[in-house]
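Since the structure comes first, as structure tokens, the remarks are kept for the end.
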There are 2 protein chains.
Amino acid sequence: MVSNQAQLLLPLKKHIEEATFPMTNEEFEPILGHFDVIRRKKHQFVVQEHDQVRNEFWVLKGCLKAYFVDGSGKEHIIQFAQEEWWITDYEAFLKQSQASIFIECIEDCELLTISLENREKLCQEQHRMALFWANKTKFGFLALQKRILSLLKNNAKERYEEFLRLYPSLLQRVPKKMIASFLGVSRETLSRLE
Amino acid sequence: MVSNQAQLLLPLKKHIEEATFPMTNEEFEPILGHFDVIRRKKHQFVVQEHDQVRNEFWVLKGCLKAYFVDGSGKEHIIQFAQEEWWITDYEAFLKQSQASIFIECIEDCELLTISLENREKLCQEQHRMALFWANKTKFGFLALQKRILSLLKNNAKERYEEFLRLYPSLLQRVPKKMIASFLGVSRETLSRLE
DNA sequence: AAAATGAAGTGATGTAGATCACTTCCGGTA
DNA sequence: TACCGGAAGTGATCTACATCACTTCATTTT
């Protein structure tokens, strides 16, 4: 449970309202009660391969990367997360099984965490929260479809330009070689685009 | 609404039970009442670019492909569907906007259709159905994540082998050039693998 | 039954992007 | 202030895969 750092945590209220409908502070408080706050330094992990993944994370502050390491030791970035984004190993989290990826802070981070148990409890207690997660998954699904289409139909340059359009703020804080990995391109090729 | 072709429609009952929990025929009937049956011949479309997408489809019989046509007229296959799979243009369906893709029968098809309105009604009337679609979206999300990872880390041959492992039955009924398109490979290259 | 159409295989050639090797340019730290 | 490791740029070369052109075979159409 979270102590009263109201200012810090209001963004979550707004985030949930935007995907559902307005609520009072009294309604928000029990929701918040199902989350914890954690702090991690740059280079620390919130998930490592083979971990039991008990939590989903919501970024209050900072930036993270989720990546898979292939047989030859190469890193493939699945997802970034910055303020107000959600991140975890969803496969492992939703099936309560072992992580197949790493999630690492690329800046000092403050995160809200929620367990699957608490998430399901919240969904049952509050119709709003069931709707919230349903919407989140729905839009997450559509975003992944777009990324697949982009991988199928666009070349390296087009994918990079799309990334710039979609996530201009990440360009400022994420090393280019990680963006290359996210796009499925070598860092040398990315550097030569334009 | 559907007339009583109970035999034909029982697979849907089983499909829903598998993702939730058992039900009686009496419970199933009102669910079925929210669907319609349509029949389409090979080469017919169930969705065309710029259509309003009013329905989601569940395949009773037959096989379909969902594809995007790029600027140079090239087809990129997003998804196949065969018996007991769901298909539509989810972006357009969920946002009730215009299709950006085509969905075409590659065999004669019998499909169950449900509108977004009926789907939402069902979710409100029956807790089970809300759970059902939540689970479906969740697993759909995980499947898309796997496909992205496969596009990022595997070469053409590895992706083809993975496809064979995951969907052996599609190999029998779908032309190889469509599988090539689904995998993001030219049909010549696919033909030369192995 | 003949003709048209489309799926699939295959050779020759072109090219986007990977890989390797080296250099430069920082930002942290000792 | 010098040192070190990581980020990034760039040349040379390699390669996986695309593209084009042609052939064969099977299915559909007339």
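In what follows, every chain begins at residue 1, and chains take the letters A, B, ... in the order their sequences are listed.
- Defining each end axis of the helix from C/dA1-D/dT30 to C/dA30-D/dT1 as the rotation carrying four pairs' C1' atoms onto the next four, with five pairs an end, the two axes are found to diverge by 40° to 10 degrees.
- The residue B/K74 sits close only to the backbone: its heavy atoms come under 4.0 Å of sugar-phosphate atoms, none of a base.
- The residue from B/K41, B/R173, B/K42 that alone fulfils the salt bridge (charged side-chain N to carboxylate O under 4.0 Å, His left out) condition with B/D108 is B/K41.
- Regarding A/K153, its NZ atom lies at a distance of 19 Å from the P atom of C/dA16, rounded to whole Å.
- Ring-plane geometry between B/W86 and B/F132 is classed as tilted, the angle between the planes lying from 30 to 60 degrees on a 0 to 90 degree scale.
- Contact annotation: the side chain of B/F182 never approaches that of B/H76 to less than 4.5 Å [non-hydrogen atoms, C-beta and beyond].
- Geometrically, B/K65 engages B/Y67 in a cation-pi contact defined by less than 6.0 Å to the ring centre and at most 45° from the axis.
- A/T20 and A/R128 form a side-chain donor-acceptor contact under 3.5 Å, judged by distance and modelled atom types alone.
- As a whole-Å value, the separation of B/N154 CG from D/dC17 P is 11 Å.
- Comparing B/V185 and B/K42, the nucleotide of DNA chain D nearest to each residue sits closer to the 5' end for B/V185.
- The neighbour count for B/E117 CD, taken as heavy atoms of other residues, nucleotides or ligands under 6.0 Å away, does not exceed 12.
- Smallest separation of non-hydrogen atoms from A/P11 and A/W58: C-CH2, 3.6 Å.
- For the pair A/L171 CG and D/dA7 P, the interatomic distance rounds to 15 Å; values are reported in whole Å.
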Could you list, one pair per line, each protein nitrogen or oxygen that sits under 3.5 Å from a nitrogen or oxygen of nucleotides 8-14 of chain D, together with the distance?
unit_1	atom_1	unit_2	atom_2	d
D/dA8	OP1	A/K176	N	3.2
D/dA8	OP2	A/K176	N	2.7
D/dA8	OP2	A/K177	N	3.2
D/dA8	N7	A/R187	NH2	3.3
D/dG9	OP2	A/S191	OG	3.3
D/dG9	N7	A/R187	NH2	2.8
D/dG9	O6	A/R187	NH2	3.0
D/dG11	N7	A/R192	NH1	2.7
D/dG11	O6	A/R192	NH2	3.2
D/dA12	N6	A/R192	NH2	3.4

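- For the pair A/L122 and A/I31, the tightest heavy-atom approach, listed with the atom from each and the gap, is CD2-CA, 4.0 Å.
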query = Does the pair B/Y167 and B/F80 meet the rule for a ring pair (Phe, Tyr, Trp, His ring centres under 6.0 Å), with working shown?
reply = CA-CA 10 Å; B/Y167 315 110; B/F80 294 107; 8.3 Å; no
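- Summarising the geometry, the separation between CD1 on A/I179 and P on D/dA7 is reported as 13 Å, rounded to the nearest angstrom.
- One interatomic measurement links the two molecules: CG of A/L183 to C1' of C/dA16, which rounds to 15 Å at whole-angstrom precision.
- Computed from coordinates, the A/L193 CG to C/dA16 P distance equals 12 Å when rounded to whole Å.
- In this entry the distance linking NE2 of B/H43 with P of D/dT28 reads 10 Å, nearest Å.
- The nearest whole Å value for the distance from the CG atom in A/N155 to the C1' atom in D/dT19 is 15 Å.
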